[in-house]
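Read the structure below first, then the notes.
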2 protein chains.
Amino acid sequence: MTCLLKMRAMRDQMSVNERKLADFIMENTKLLRDYSSQQLADAVGVSQSSVVKFSQKLGYKGYPSLKLAVYESYAGALNQSAPEEGYTHLSQADTPISQLGQKKLEVLENTVSINEPEQLQAAVAAIRSARCIQVSACSGSAAVAQYLTYQLLELGAWAVFDQGGALQKSMAESLQGEDLLCIICDMGGEESLVDIANNARERGVKVLSLTRYNYNAASIHADVSLYVMPAEEEQAMQRLLFRSAQLHVIESLIGGLLIADQ
Amino acid sequence: MTCLLKMRAMRDQMSVNERKLADFIMENTKLLRDYSSQQLADAVGVSQSSVVKFSQKLGYKGYPSLKLAVYESYAGALNQSAPEEGYTHLSQADTPISQLGQKKLEVLENTVSINEPEQLQAAVAAIRSARCIQVSACSGSAAVAQYLTYQLLELGAWAVFDQGGALQKSMAESLQGEDLLCIICDMGGEESLVDIANNARERGVKVLSLTRYNYNAASIHADVSLYVMPAEEEQAMQRLLFRSAQLHVIESLIGGLLIADQ
DNA sequence: TTTTCTGCAGAATACATTATTCAAAACACC
DNA sequence: GGTGTTTTGAATAATGTATTCTGCAGAAAA
């Protein structure tokens, strides 16, 4: 900041050309970034040597030093004047797309804060100790469920994604005491899922649920319940963000497995 | 932020001297402020011309440009990493799992900062205007690719996930001028993918790539290139974070489609 | 009014830094 | 081991920066 301030302070006691230079620099600070001494001289209408002398008079070794100082001064001012405008940025510009980043961050934070670390830990433990894992989802969460299945398989867990339909029930019925059933669900109300969950649980199968954060059948009947905090957005965007949060929880699980594995 | 990130990303495919330069700059970022190209050359132990060529290879006009970019990059990093009380938290406690949140946030921010808004916009446009979309991935990114395919289908795009194997080529060959090929790839080097991409492009098919951020065959031969910034972590965790970043880019695309749809 | 004196401005030029060229060396690929 | 490509640094051209020096304008002294 010092540099630009200094200029303003000295403005009164400057010669004509010096003042022209100072004014130009203060007006067009960011232009300076890619001006050579000659260009600046031309722009202001003075000689190149005057530019250099001006720099030295202000106490810098030469023009490049002045340039840097001005630049720092300018950058510093920016930092201060835009102090807490909020979040670290998941966005560069302010395009509609980048605003999505903000929303996402918000949803993710909310989601993290509603899940008890113990539940996460328990979920990780359940996965680790399971023999076979069935991943079942409502249609809206199928993509997410399949993603989870992939990751589990990669880590050596014997996970199967339940495509729904006729197989769903028969698969679930083959689960045994040491196995795990993962229910991933938007609302947590889908009947067929709640059914197989209850059924499985009666036979000692552990049930892990990942649902929207509210009272819902699926999470109530699960041994371990994880939640997602939905955003307040219009339909389509909300779905997108919801999945994003689901994925984040899943990533946390996978991360937990990796850490525990070591 | 971009400049230093770029260096880190390209480090692997640099020549010996280039890497020496990159390392020195990343270690001694603030020293650079008052180094001339000659001084830097001496400090690193290479010739002055190598310094200039290094700058140009990274995409800058010359050494002064690089210097400025590094400086800005550095200043930018300071702003972000020391906001005021640190990051918004993707973590509640300081459990190992929750630290993952920090890493993820970092990777996501880096990833956002390296993708030009124009490229994102172009990608969205390409998807919107495509008749058929083939989503092809290397094995490590299959889960992510499939996730994208799901979302695209849901939005009414005619997307097909390429399972690899025998079908890959014949599918790609059926693509026509109005179609789109999405290549999702860890390293961007997988031959079969580069092959079908080149082939498709010759027939006027648009190619969209999503790869690690560095020079790689896939992104070079694509019409639109999107990137992911990998983390510096041990193997398994890095994969997890890498996918997380891939998913974030994909979510941005979907978000873009939603917005444009309105 | 004329004569110094002082300090600023710019042309010319010396100096410094940066960019390019080119030939030799290192490297990768048969 | 031979061949073509990339990388490297010495020499040099091009550009950019600092200094010198001359002239000029205005203020103070004669």
Side-chain angles (χ1 to χ4, degrees), chain A residues 3 6-7 9-25 28 30-72, chain B residues 3 6-7 9-25 28 31-72 187-191 194-195 214-217 220-221:
Chain A
C3 175
K6 199 190 288 182
M7 273 190 217
M10 302 206 165
R11 212 192 96 98
D12 299 340
Q13 12 192 323
M14 286 178 177
S15 71
V16 187
N17 276 8
E18 286 169 347
R19 194 167 316 158
K20 277 201 275 181
L21 277 166
D23 288 347
F24 182 89
I25 292 173
N28 310 68
K30 56 194 163 188
L31 279 184
L32 213 68
R33 205 199 99 123
D34 2 57
Y35 270 26
S36 68
S37 62
Q38 184 64 64
Q39 285 175 294
L40 175 58
D42 293 346
V44 177
V46 301
S47 73
Q48 181 261 343
S49 64
S50 293
V51 172
V52 175
K53 280 173 208 156
F54 176 73
S55 309
Q56 292 169 333
K57 209 166 198 176
L58 278 171
Y60 302 98
K61 221 184 65 196
Y63 174 69
S65 309
L66 170 79
K67 194 162 144 179
L68 249 169
V70 166
Y71 187 70
E72 281 167 348
Chain B
C3 176
K6 200 189 284 182
M7 274 190 216
M10 309 230 163
R11 212 193 96 95
D12 298 339
Q13 41 205 181
M14 285 179 178
S15 69
V16 187
N17 277 9
E18 287 169 345
R19 193 168 316 158
K20 277 200 274 181
L21 279 164
D23 288 347
F24 182 91
I25 292 174
N28 310 69
L31 280 186
L32 212 69
R33 206 201 97 122
D34 0 58
Y35 269 26
S36 68
S37 63
Q38 185 65 61
Q39 285 175 297
L40 174 59
D42 292 346
V44 176
V46 301
S47 73
Q48 181 261 343
S49 65
S50 292
V51 172
V52 175
K53 279 173 207 155
F54 175 75
S55 310
Q56 292 170 331
K57 210 165 196 176
L58 279 171
Y60 301 99
K61 223 185 63 196
Y63 174 69
S65 308
L66 171 79
K67 196 163 144 181
L68 248 168
V70 166
Y71 187 72
E72 281 167 348
M187 296 303 176
E190 190 140 310
E191 275 195 42
V194 177
D195 279 357
N214 60 11
Y215 279 121
N216 64 68
I220 289 169
H221 294 115

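Below, chain A is the first sequence line, B the second, and so on; all start at residue 1.
Residues A:Tyr71 and B:Glu72 have side chains that bring a donor and an acceptor to within less than 3.5 angstrom of each other.
Look at A:Asp23 and A:Arg11 and you find a salt bridge, because one of the NZ, NE, NH1 or NH2 atoms lies within 4.0 Å of a carboxylate O, short of that distance.
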Only distances under 3.5 Å count here; give the side-chain donor-acceptor pairs of residues 53-61 of chain B to other protein atoms, sequence neighbours excluded, each with its distance to 0.1 Å.
{"residue": "B:Ser55", "atom": "OG", "partner": "B:Val51", "partner atom": "O", "Å": "3.0"}
{"residue": "B:Lys57", "atom": "NZ", "partner": "B:Glu18", "partner atom": "OE2", "Å": "2.8"}

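How far NZ of B:Lys67 is from CD1 of B:Ile25: 11.0 Å, rounded to the nearest 0.5 Å.
Counting only distance, with no hydrogens or angles, the side chain of B:Gln13 and the backbone of B:Met10 share no donor-acceptor pair below 3.5 Å.
In terms of heavy-atom proximity, B:Val70 sits nearest to B:Met7 at CG2-CE, 3.8 Å. In terms of heavy atoms, B:Ala22 sits closest to B:Met14 at CB-SD, 3.8 Å. When all heavy atoms are compared, the tightest approach of B:Cys3 to B:Leu66 is SG-CD1, 4.2 Å.
The 5' end of DNA chain C is approached more closely, in terms of each residue's nearest nucleotide, by B:Gln38 than by the other of B:Val16 and B:Gln38.
The stretch residues 46-54 of chain A touches DNA chain D through A:Gln48, A:Ser49, A:Val52, A:Lys53, each having a heavy atom within less than 4.0 Å of the strand.
Contacts between chain A and DNA chain C, taken as any atom within less than 4.0 angstrom of a protein heavy atom, begin and end at C:dC8 to C:dA11.
Rounded to a whole Å, the CG atom of B:Asn17 is 11 Å from the P atom of D:dT7. Summarising the geometry, the separation between CE on B:Met14 and P on D:dT8 is reported as 11 Å, rounded to the nearest angstrom. Across the protein-nucleic acid pair, A:Asp42 atom CG and D:dT15 atom P stand 15 Å apart, rounded to whole Å. Spacing between atom NZ of B:Lys61 and atom P of D:dT15 amounts to 11 Å, rounded to whole angstrom units. Rounded to a whole Å, the CG atom of A:Leu66 is 17 Å from the P atom of D:dG16.
B:Tyr35 is not listed as a side-chain neighbour of B:Asn28, based on a closest heavy-atom distance of 4.5 Å or more.
Note on A:Lys67: nothing from the nucleic acid sits closer than 4.0 angstrom, heavy atoms only. Among the heavy atoms of the strands, none lies under 4.0 Å from A:Lys20.
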